[in-house]
Amino acid sequence: MSELCLYNTLSRSKERFEPLDGKVARVYSCGPTVYAQQHLGNLRAYLFADLLKRALRFSGFEVRHVINITDVGHLTDDADLGEDKMELAARKEGLSAWDIADKWTQVFKRDLEKLNVLPPDVWCKATEHIPEQIEMVATLEQKGLTYRIDDGVYFDTSKDPHYGELARLNLKAQQVQERIEGAAAKRSPVDFALWKLSPKDDTRRQMEWDSPWGRGFPGWHLECSAMSSKYLGAPFDIHTGGVDHVPVHHTNEIAQAENALEVRPWVRFWMHGAWLMFEEGKMAKSKGTGMTLDQVEGRGIDPLAYRLFVLGAHYRQQMSFTDEALERAQTAYSRLVRHALELELAQDSAGVSQVPGFRKRFREVINDDLNAPQALAVLWEVVRSRQLGGVEKRTLLHEFDEVLGLGLAEARIAAPELNARIEDLIRQREEARRARDFAASDRIREELEAEGIILEDTVEGTRWRRA
RNA sequence: GGCGGCGUAGCCAAGUGGUAAGGCGCGGGCCUGCAAAGCCCUGAUCACCGGUUCGAAUCCGGUCGCCGCCUCCA
């Protein structure tokens, strides 16, 4: 049996994976900031995390999975100025920041459910872990790794010789943008806020807390460091996120956590998913180019067809999104489901079995850094194989779907829908056909088709289904 | 300026040293009274140039084009 290998951003290479304790893989996935509905690009990141989780289980490991919800707003624009995204959304929608967070969190979870993403063992919110975050800042402060300026407490990256290793930052050569003039007199451009103080003027934030440094809110990298160690311990196995997180968010998470917790490496495997690209560029909420799952469904496309689409490209590969490609995925998905349904009826006995071969190939490609595109290729080969019997195909389909999560194992032929009128029309059509009155029989078929009923003549007789 | 990625058939994309997976589409065929569904057949020498090698889409050098991150972002 092949071993699971995963690409680790830390080493920039595939490494054999095994949980620290040999049994339970501890995985943390950076969750969304919930000030709007997640778009398809965001969702791709969680489909990637889900594929990882399913692959870990497929390898026989248990998985303890944590996803956070960033419900504290950070800034819309520059790190030092700009309005808080949560508060901005709240103002626009006429709700409190808390309600906004709640609303979009629910939508997010619902979207994941539609995509067949397995729920994590722990959902954790930044706002519910303020004490843990304050504690981490305090620890860093005691170690002399922080400094205070007007608007908050900052992490002094110059004190960490390992700072930036994940991203392989070249601090000296990096051309750093001029900071916008203002309160943030950071000693280094890469220093980052641990605790931001609320503005001194009259503008009060909806979300702020008392701390040893004054009223304010936590820096945006802090929650992940604090919550992951709380629920997974430290070190833990795998941390996932989008590629954009490598240079800043994850780099800073590492700096905080490794120094506060005194473990290094704090996380053994860092895994990053690539972007979903629109024609105009990447999908980004800030650019308003995001398409949501609701819109996908609005086009009559099954969310799982989107899942199939996403699985068609490797998770570390930038993928092009086009309407056309999405629709093609729906065609392919419908076809797959139809096969799955058909196979549910299979009762044959196995011939010379090729099952082990397919099983082996599937495991090998999944174990090779989650090569879903190749896994799908194996799936199609199984579906269209002439060697395999129906029962064997069904068995394999169910097994593979544990990893792919396309809902094929759950596909069941709906109990024959009773519809006396349609049954009656089909009978009439049968009579017409027997009488070779095809004009009449075609008329009936067309009438039904107009209302979305497709008739299929099979050896067992005429079947109908909704288009 | 730094870091990273991409350029494979009409489209979405695998493959990273041994003579190009898969899906969708197109075209042809089988089945059907005709359809639908299903099945079968059918397409590329891998941006370009040069090098290494018995052998390269795959390694090295260069050119062109495209994109991401470096500031919130999956």
Side-chain angles (χ1 to χ4, degrees), chain A residues 9 12 29-33 35 38-49 70 73-85 164 167-177 179-180 189-190 220 240-249 251 272-277 281-287 290 308-309 311-314 316-322 324-336 338-339 342 365 371-381 384 386 433 436-439 441-442 445-446 449 454-459 462-465 467:
Chain A
T9 304
R12 306 284 158 102
S29 297
C30 275
T33 302
Y35 64 94
Q38 303 304 301
H39 60 246
L40 297 181
N42 296 309
L43 262 15
R44 185 185 181 198
Y46 304 102
L47 285 170
F48 149 54
T70 300
H74 298 296
L75 304 173
T76 49
D77 203 338
D78 183 86
D80 305 319
L81 297 174
E83 192 169 5
D84 179 291
K85 281 187 286 200
R168 307 199 167 174
L169 297 182
N170 181 346
L171 265 20
K172 290 199 179 98
Q174 209 161 353
Q175 186 182 53
V176 177
Q177 298 192 336
R179 303 309 299 182
I180 292 178
V190 291
W220 61 79
T240 75
V243 277
D244 58 306
H245 281 156
V246 176
V248 179
H249 184 56
T251 288
H272 297 95
W275 300 113
L276 185 66
M277 305 297 294
K282 81 176 168 174
M283 266 193 200
K285 277 183 278 195
S286 55
K287 290 184 189 164
L308 178 65
F309 169 72
L311 290 174
H314 187 91
R316 280 194 283 121
Q317 212 59 52
Q318 241 176 43
M319 182 176 203
S320 305
F321 178 91
T322 63
E324 204 190 338
L326 183 64
E327 269 151 35
R328 284 193 227 112
Q330 174 65 59
T331 302
Y333 184 65
S334 300
R335 207 164 272 174
L336 222 38
R338 231 171 265 144
H339 277 106
E342 205 60 48
V365 297
N371 197 326
Q374 297 218 53
L376 287 178
V378 176
L379 179 72
W380 282 108
E381 278 185 50
R384 292 184 167 148
R386 294 182 194 177
R433 289 180 71 203
R436 303 197 67 79
D437 181 358
F438 298 123
S441 82
D442 286 349
R445 187 170 64 198
E446 282 157 21
E449 195 175 348
I454 306 287
L455 296 189
E456 296 182 352
D457 298 327
T458 73
V459 280
T462 300
R463 289 200 306 223
W464 65 277
R465 62 181 169 87

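Proteins get letters first, then strands, A, B, ... in listed order; numbering begins at 1 in each. Predicted model, so just to flag it, every value in this text is computed and none were measured.
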[atom1] of [X] versus [atom2] of [N]: gap in Å, rounded?
X: A:E456; N: B:C34; atom1: CD; atom2: P; value: 17 Å
X: A:H249; N: B:C3; atom1: NE2; atom2: P; value: 24 Å
X: A:E342; N: B:A37; atom1: CD; atom2: C1'; value: 9 Å
X: A:R433; N: B:A35; atom1: CZ; atom2: P; value: 13 Å
X: A:E324; N: B:C26; atom1: CD; atom2: C1'; value: 12 Å
X: A:H245; N: B:U71; atom1: NE2; atom2: P; value: 14 Å
X: A:Q318; N: B:A74; atom1: CD; atom2: C1'; value: 12 Å
X: A:H272; N: B:C3; atom1: NE2; atom2: C1'; value: 14 Å

What does [X] touch in the nucleic acid at a heavy-atom separation under 4.0 angstrom: a base, only the sugar-phosphate, or nothing?
X: A:E449; result: nothing
X: A:A274; result: base
X: A:R436; result: sugar-phosphate
X: A:L455; result: base
X: A:T240; result: nothing
X: A:Y46; result: sugar-phosphate

(Q) Applying salt bridge (charged side-chain N to carboxylate O under 4.0 Å, His left out), can you list everything that pairs with A:R384, at least two apart in sequence or on another chain? (A)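 A:R384: no salt bridge (charged side-chain N to carboxylate O under 4.0 Å, His left out) contacts found.
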**Q.** Partners meeting salt bridge (charged side-chain N to carboxylate O under 4.0 Å, His left out) with A:D457 (sequence neighbours left out)
**A.**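 Once residues adjacent in sequence are excluded, the partners of A:D457 under the salt bridge (charged side-chain N to carboxylate O under 4.0 Å, His left out) criterion are A:R429, A:R433.
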In Watson-Crick or G-U wobble terms, both distances under 3.5 Å, what is the partner of [N]?
N: B:C11; value: B:G23
N: B:C3; value: B:G68
N: B:C59; value: B:G51

Q) Side-chain N or O of A:R338 less than 4.0 angstrom from OP1 or OP2 on B:G38? A)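 So the side chain of A:R338 is within the cut-off, an N or O lying under 4.0 Å from OP1 or OP2 of B:G38.
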Q) Would you say B:C39 has OP1 or OP2 under 4.0 Å from some side-chain N or O of A:H339? A)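 Affirmative; the distance criterion is met.
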Q.
Within the structure provided, determine whether A:E449 and A:I454 are in side-chain contact (heavy-atom separation under 4.5 Å).
A.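 Yes - at least one pair of side-chain heavy atoms lies under 4.5 Å apart.
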**Q.** Partners meeting side-chain hydrogen bond (donor to acceptor under 3.5 Å, both in side chains) with A:Q318 (sequence neighbours left out)
**A.**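 With sequence neighbours excluded, A:Q318 shows a side-chain hydrogen bond (donor to acceptor under 3.5 Å, both in side chains) to no residue whatsoever.
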Q | 5' priority, RNA chain B, between A:I454 and A:R44 [closest heavy atom] | A |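 Looking at RNA chain B, the more 5' nearest nucleotide goes with A:I454.
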Q.
Quick check: on RNA chain B, is the nucleotide nearest A:R168 upstream (toward 5') of the one nearest A:G273, or the reverse? Name the residue that is more 5'.
A.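 Between the two, 5'-proximity favours A:R168.
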What about [X]: does its side chain form a donor-acceptor pair under 3.5 Å with the base of [N]?
X: A:R445; N: B:A35; result: yes
X: A:N371; N: B:G15; result: no
X: A:D457; N: B:C31; result: no

I want to verify a distance call: between [options], whose nearest atom is closest to the [X] side chain?
X: A:R386; options: B:G4, B:C40, B:A14; result: B:C40
X: A:T322; options: B:A74, B:G25, B:C11; result: B:C11
X: A:P247; options: B:G68, B:C40, B:C69; result: B:C69
X: A:W275; options: B:C40, B:G4, B:G68; result: B:G68
X: A:Q317; options: B:A74, B:C12, B:C6; result: B:C6

Q: Kindly say whether A:F309 contributes a backbone atom to a donor-acceptor pair with the side chain of A:R328 at under 3.5 angstrom?
A: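 It does not hold such a pair.
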**Q.** Whether A:T251 side chain and A:V246 backbone form a donor-acceptor pair below 3.5 Å
**A.**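 Flag set: sc A:T251 to bb A:V246 pair under 3.5 Å.
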Q.
Is it true that A:S334 and A:Q330 share a donor-acceptor pair across their side chains at a distance under 3.5 Å?
A.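 There is such a pair between these side chains.
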Q | Set of residues satisfying side-chain contact (heavy atoms from CB on, under 4.5 Å) with respect to A:A49, sequence neighbours excluded | A |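 Partners of A:A49 under the side-chain contact (heavy atoms from CB on, under 4.5 Å) test: A:S29, A:T240.
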Below 3.5 Å is the cut-off: list the nitrogen or oxygen pairs between protein and nucleotides 17-23 of chain B, distance only.
residue : atom : partner : partner atom : Å
B:G23   : OP1  : A:R384  : NH1          : 2.7

(Q) For A:H272, give me all partners under ring pair (Phe, Tyr, Trp, His ring centres under 6.0 Å), at least two apart in sequence or on another chain. (A)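 Ring pair (Phe, Tyr, Trp, His ring centres under 6.0 Å) check on A:H272 returns A:H250.
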